[in-house]
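This report refers to the structure that appears directly beneath it.
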Amino acid sequence: MAALDHPLLERLRDAMPNDPEMQIVGKFMRCDVLLSSGDKRYLLRFDHGRLTEIVEDPHPALAWNFALKAGPGTWERFLQDPPPPEFHDVWAAAWLGHLTLEGDIKVFMQNHFAFWRTLKLLRIQAQATSGAAA
Amino acid sequence: MAPKISPVTGHYVDVDVADVTYQVFYLHNGTGIPLLCQHTAGCHNHQYRNLLRDPAVTERFQVIAYDLPYHGKSDPPNGEQWWTRQYDLTAEFFQEFVVNFARTLELDRPVFMGSSMGGVVALHLARDHSEKFRALIALEAADYTPGFYLDWWHHPAVEDGSVAASVIEGLIAPQTSELDRRLTMHYYAQAAPGVLKGDLYFYSVEHDMRETVSEIDTSKVPLYLLTGEYDYLSTPTQTIATAEKIVGAKVETMCEIGHFPMSENHDTFMTYLRPILDEIAERHKEP
């Protein structure tokens, strides 16, 4: 089962410039996002549909716009294909208490479509990783 | 080559609600028992595109999928300065519209089916207008659905259509085909600004039947509740809890379905809907 970790985020970084939809919906994407999976924390900087920087265990003084915080089990379920109910989407997981959304919700909403596509690519990469491992 | 003309036809009809006239658009196909179909919040009747062209349905039911005023091809009220008022859908208007639309078309006690806000209004119609329908099918409904009346659906800092499309995608089951997923998203990107939010006033602010849903008398009108396992706004658990308060209500959870059964996966949806339609058709068979 795939986990949210640094190698997966590097694969996401490599996949984003090659995704035709991201070329369209990511044109104005600009946000700094904190993802946490239990004790692991990753600060991701997005610009124009690209993941330009991955900062693992970022210094507390580094700023971000919004954060998605969940336990490793939630991310593992989210990254499955198909994912199980309640864990298949950020809103679903947040609505039902499996994930916390924090920070500037306006920036989250402004980047919503591009970030939605980003998370789809994250799942695709997680599955590719799982397939390779199998 | 002969043109591929669909048997589904579009019509406009004037419907009066509270002394105001609305020009209402609806899609129609089939013969037999009238089956009224209500779309979800901020959307339109194309959600029922596959039901409308399914011969297994249309040979026994005349499927009538309308656009609620302000949605799809149905206009806001002519002759009213609707732009000077906040659009917030109310239970009173919603119910009166459905009842008057059916009366205007001279439908004989139609079956009513709706999803999300359409499923919720089915509960209201079951409680308040049972004598006017021969059955009610509430998709993705619960007696209380708070929390989704958000300013973000209509905010100058965000783009309504893209936000709506990508948020509601999270209510679609992952097993849905890419075409049906993208069409469902596309329809959500088409709403006029403020309409999605206004619909959710009814769904998430006004609608609260926790104390009254048990007043529904299923001996007067059969009530069926179907909810998809991927629906997080009204979860199967919430729908089942609602059904348990209504004596005689029939409830089922749909696998590999989300919040938009008719628009997500027609074949899977029909495995749950077909037995209900069979039951209704059998009950109302011509002697």
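Only this structure's heavy atoms are used, side chains among them; waters, hydrogens and symmetry mates stay out. Below, chain A is the first sequence line, B the second, and so on; all start at residue 1.
No hydrogens or angles considered: nothing links the side chains of B/Tyr188 and B/Glu169 as a donor-acceptor pair under 3.5 Å. No side-chain donor-acceptor contact under 3.5 Å links B/Gln47 and B/Ser115. Donor-acceptor pairing under 3.5 Å is lacking for the side chains of A/Asn65 and A/Asp104.
By number of non-hydrogen pairs under 4.5 angstrom with chain B, the leading residue of A/Val90, A/Ile105, A/Asn111 is A/Ile105.
Contact annotation: the side chain of B/Leu171 never approaches that of A/Trp95 to less than 4.5 Å [non-hydrogen atoms, C-beta and beyond].
Neither the backbone nor the side chain of B/Ile168 has a heavy atom closer than 4.5 Å to any heavy atom of chain A. For a residue to count as touching a neighbouring chain, one of its non-hydrogen atoms must lie under 4.5 Å from one of that chain's; by this rule B/Gln175 touches chain A with the side chain only.
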